[in-house]
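In what follows, a structure is listed as structure tokens, so that the remarks can point back to it.
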Amino acid sequence: MTSDRLGTGGESTRGGPARHVVASSGVYVHVPYCRRRCPYCDFSIEIRRADAGFAAAVAEELAARAAELPWPADSLSFGGGTPSALPAGPIAEMVAAVRAHGLASDAEISLEANPEDVTGEVASAWRAAGVTRVSLGVQSFEDEVLAFLGRAHRGEQARSAVQATREAGIPHVGLDLIVGVPVESDQRIGRDVEEAARLGIGHVSAYLLTLEAGTPLERLIARGARAPLDDERQADAYQRAQALLVEHGYAQYEVSSFAMAGEESRHNRLYWAHRPYLGLGPGAHSLRELPGGAVLRRHNVARLDRWLTAPTTAPHEDETLAPAHALREAVAFGLRDLAAGIDLEGLAARRSADPSPIEAALRAARDRGEVADDDGGRRWRLTSLGARFADRVARDVLAARGDSL
Ligand code: SF4
């Protein structure tokens, strides 16, 4: 659906009060269908019409694995691929199936959608099914940029999609922007951000265009059919996007995520907070907390046909993380949440693990000015400088093994 790649980070320009609304458990449904492949995308997707049995297969997998999750869940997210490639009926069926196992009354139910799929009728059906957040893969409102990205929609369709979701009464509407596109003018990002704000968009995910090996874009550039990416211009573009988003009232609460007050994605924060989630569908990931602080990560193998014929027994990979390892991951992920940061002692208690090796790594990062602590050393956050080097700080945390595994 989106490039779903995090940008390189940059000046953290967060503003406003930190809001720590985190789901305690969630469900993710991976919808692998796309109508065509965007040339920059290297996701494992299926270019075909959605199978009629998809929702029933999700319900079957859910029934078999429901005991893995603490219920009720307070977030349900449909990602992909392209969830909007499914008709609204199967979306409603899947929401009902999850609700039957226990969804909190105020649960966030989010769905990624491509603008060309969104009509007033479809958006109203999503709303009737309980969808509370739609994230539109707009990427840009400018046709030249969309043409470079090989997207199926044009700027006018993106505006109509925003309007349709609003008129349907979907409470939270977000969009993705891809920046650093070679054909964009110096004014393009400013115009896109202004348009998002003018349309009343509450959440913007800004991604940097990256060139992935083996993609059609790589081949197009190699044969001179598309302009190449320029590292310096891209870094500038990302910083400009960050600054402009903040100028327009969006607070940066994650490396790539910007939100108006109260518009943060609860489901995204669930991942960063290392809370349990049940991933359904081919290629979906799950995280399960085991007694004693260990964590079980599961990755459904991304083979749609195998999964469709036997959703409860399709191949998957399990990895158990010992408590110390699980704690390092929880901290490395948690630092992505620029506004909330991490409560080291709280996480260490949840994982029954010794926080001292990680604390030493965080102190070293603090000495470099990359993290700051407050609440007497309880809560750690990336600083503006640290947000720029978020991957390096995460690597240091992951390497802070001490004597334990
Ligand atoms: S819509 Fe495009 S970018 Fe999104 S998953 Fe499908 S092919 Fe990839």
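Both counts, for ligands and for their atoms, begin at 1 and track the order of listing. Numbering of residues begins at 1 and proceeds along the displayed sequence. Computed from heavy atoms alone, side chains included, the values below leave out hydrogens, waters and symmetry copies.
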side-chain hydrogen bond (donor to acceptor under 3.5 Å, both in side chains) between S140 and D192, worked out: CA-CA 6 Å; S140 176; D192 275 346; 2.7 Å; yes
Metal check, atom 8 (Fe) of ligand 1 vs C34 N/O/S, cut-off below 2.8 Å: no
Close approach of G80 to ligand 1, heavy atoms, under 4.0 angstrom: no
Residues R363, D373: salt bridge by 4.0 Å N-O rule: no
Any residue meeting ring-ring contact (aromatic ring centres under 6.0 Å, His included) with Y277, in chain and number order, not counting sequence neighbours: Y271
Distance filter under 4.0 Å to R151 heavy atoms, resulting ligand 1 atoms: 2 (Fe), 3 (S)
R48/D305 ion pair, N-O < 4.0 Å: yes
Ligand 1-proximal atoms of R36, by part, heavy-atom distance under 4.0 Å: backbone
Subset of ligand 1 atoms that lie under 4.0 Å from at least one heavy atom of N114: 1 (S)
Any R35 heavy atom less than 4.0 Å to ligand 1: no
Electrostatic pair D318:R297 at N-O distance under 4.0 angstrom: no
